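The first residue of the sequence shown is numbered 1, and numbering continues consecutively from there. Keep in mind the model is a prediction, meaning the values are calculated, not measured.
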Amino acid sequence: MNIHKLSEMVGEALKCSSSTLSVAESCTGGFISHLITLIPGSSKYYLGGVTSYAISVKEKVLGVPAGIIKERGVVSSEVAAAMAEGVRRLTGSTFSVSTTGLAGPGGDENNPEGTVWIGISGPQGTDTVKFLNNGCREENIREFAVKALSELFGYISRSLNLPSE
């Protein structure tokens with residue numbers, strides 16, 4: 001799907017329901033926020049984001065417990081969930097999306113290069129999804145953002161009983 005169209009669909013769903021969005025990004029480095037703010041009128045629903053590249057920012061700003069990072073690793077479902085919940089709590093948004101992963105180069109023993117965990121939080125609770133992409137760093141970041149927006153749109157659609165496209 002066209003990335004611009006996907007950003008528009010997320011925006012329309014949020015506007016139609018008078019809902020708001022916040023973003024917590026690590027491996028996507030602000031790219032999701034950039035895509036959202038490319039859409040005219042996004043200030044009606046987009047509250048802001050935190051680019052929490054450093055573990056200290058995940059902990060101090062987003063409230064991710066250090067124990068979760070130590071036990072599960074920074075690239076994990078638990079950290080993605082805590083990031084999404086943290087930015088939602090911080091901004092008071094209706095919905096939030098987060099990313100934590102390894103865009104490359106390099107991976108680790110638990111997660112190969114091209115691994116991302118996406119967290120989505122809203123009134124129905126918090127969901128996470130793991131996604132793998134086998135591209136270069138720039139491609140991985142782009143595909144992580146596309147997958148995050150796609151998952152976000154699905155979550156919003158289910159939460160608001162909207163028809164999904």
Item to check | Shortest non-hydrogen contact between R88 and S96, atoms and distance | outcome: CB-OG, 3.6 Å
Checklist entry - Has the side chain of R137 got a donor or acceptor atom that lies under 3.5 Å from a matching backbone atom of G104? => result yes
Checklist entry - With no hydrogens and no angle check, is any side-chain donor or acceptor of S98 less than 3.5 Å from a backbone partner on A80? => result yes
Checklist entry - Is a donor on one side and an acceptor on the other found under 3.5 Å between the side chain of S150 and the backbone of V146? => result no
Next on the checklist: Apply side-chain contact (heavy atoms from CB on, under 4.5 Å) to residues V87 and M83 and explain how you reach the verdict.
Outcome noted: CA-CA 6 Å; V87 77; M83 288 172 64; over 6 Å; no
Checklist entry - Is it the case that one hydrophobic cluster holds both L90 and L152, taking links as side-chain heavy atoms less than 4.5 Å apart, direct or via other members? => result no
Checklist entry - Roughly how far apart are K70 NZ and I68 CD1, rounded to 0.5 Å? => result 14.0 Å
Checklist entry - In Å and rounded to the nearest 0.5 Å, what is the OG1 to CG distance from T94 to L14? => result 7.5 Å
Next on the checklist: Please tell me whether I120 and V79 are part of a single hydrophobic cluster in this structure, the criterion being side-chain heavy atoms less than 4.5 Å apart.
Outcome noted: no
Item to check | Hphob cluster co-occupancy, I118 + V50, side-chain heavy atoms under 4.5 angstrom | outcome: no
Checklist entry - In chain order, what residues pass the salt bridge (charged side-chain N to carboxylate O under 4.0 Å, His left out) check against R72, with sequence neighbours excluded? => result E78
Checklist entry - Side-chain heavy atoms under 4.5 angstrom apart, residues restricted to Ile, Leu, Val, Met, Phe, Trp, Tyr: same cluster for F144 and M9? => result yes
Checklist entry - Does any donor atom in the side chain of T126 or E85 lie under 3.5 Å from an acceptor atom in the other side chain? => result yes
Item to check | From CG (D127) to OG (S159), nearest 0.5 Å | outcome: 8.0 Å
Item to check | Closest non-hydrogen atom pair between G101 and C27, with its separation | outcome: N-SG, 3.3 Å
Distance-only check: which donor-acceptor pairs under 3.5 Å involve side-chain atoms of residues 54-61, not counting sequence neighbours?
{"unit_1": "K58", "atom_1": "NZ", "unit_2": "S26", "atom_2": "OG", "d": "2.9"}
{"unit_1": "K58", "atom_1": "NZ", "unit_2": "S52", "atom_2": "O", "d": "2.5"}
{"unit_1": "K58", "atom_1": "NZ", "unit_2": "Y53", "atom_2": "O", "d": "3.3"}

Next on the checklist: Consider side-chain contact (heavy atoms from CB on, under 4.5 Å). Of V116, L102, N110, which one does V75 pass it with?
Outcome noted: L102
Checklist entry - Do you reckon L47 sits in the same ILVMFWY cluster as L38, going by side-chain contacts under 4.5 Å, direct or chained? => result no
Next on the checklist: With a 3.5 Å distance limit and no angle check, can you tell me whether S7 reaches the backbone of I3 through a side-chain donor-acceptor pair?
Outcome noted: yes
Checklist entry - Can you name the residues that form a side chain to side chain donor-acceptor pair (under 3.5 Å) with E143, not counting sequence neighbours? => result none
Checklist entry - In Å, rounded to the nearest 0.5 Å, how long is the span from OG1 of T28 to CD of E25? => result 3.5 Å
Item to check | Flag, side chain of N140 to backbone of G135, donor-acceptor distance under 3.5 Å | outcome: yes
Checklist entry - To the nearest 0.5 Å, how far apart are CH2 in W117 and OG1 in T99? => result 13.5 Å
Checklist entry - Sequence neighbours excluded, which residues qualify as side chain to side chain contact (heavy atoms under 4.5 Å, CB included) partners of L160? => result S17, S19, F95, I156, L162
Item to check | E139: salt bridge (charged side-chain N to carboxylate O under 4.0 Å, His left out) partners, not counting sequence neighbours | outcome: none
Item to check | Nearest-0.5 Å distance that lies between atom CG in L21 and atom CD1 in I36 | outcome: 4.5 Å
Checklist entry - Do the side chain of S157 and the main chain of F153 share a donor and acceptor less than 3.5 angstrom apart? => result yes
Item to check | Salt bridge E138-R142, side-chain N to carboxylate O under 4.0 Å | outcome: no
Next on the checklist: For T100, give me all partners under side chain to side chain donor-acceptor pair (under 3.5 Å), at least two apart in sequence or on another chain.
Outcome noted: none
Item to check | Side-chain donor-acceptor pair present, T20, S93, cut-off under 3.5 Å | outcome: no
Checklist outcome for this item: Heavy-atom closest pair (Y155 atom, S121 atom, distance to 0.1 Å) is OH-C, 4.0 Å
Checklist entry - Counting heavy atoms not belonging to K15, are there more than 12 under 6.0 Å from its NZ? => result yes
Item to check | Residue pair E113 / A103: nearest heavy atoms and the distance that separates them | outcome: CG-O, 4.0 Å
Next on the checklist: To check you understand the geometry: which heavy-atom pair defines the closest contact between L35 and I39, and what is its length?
Outcome noted: O-CG1, 3.9 Å
Checklist entry - Is there a side-chain hydrogen bond (donor to acceptor under 3.5 Å, both in side chains) between S33 and Y46 once you walk through the steps? => result CA-CA 9 Å; S33 294; Y46 183 62; 2.6 Å; yes
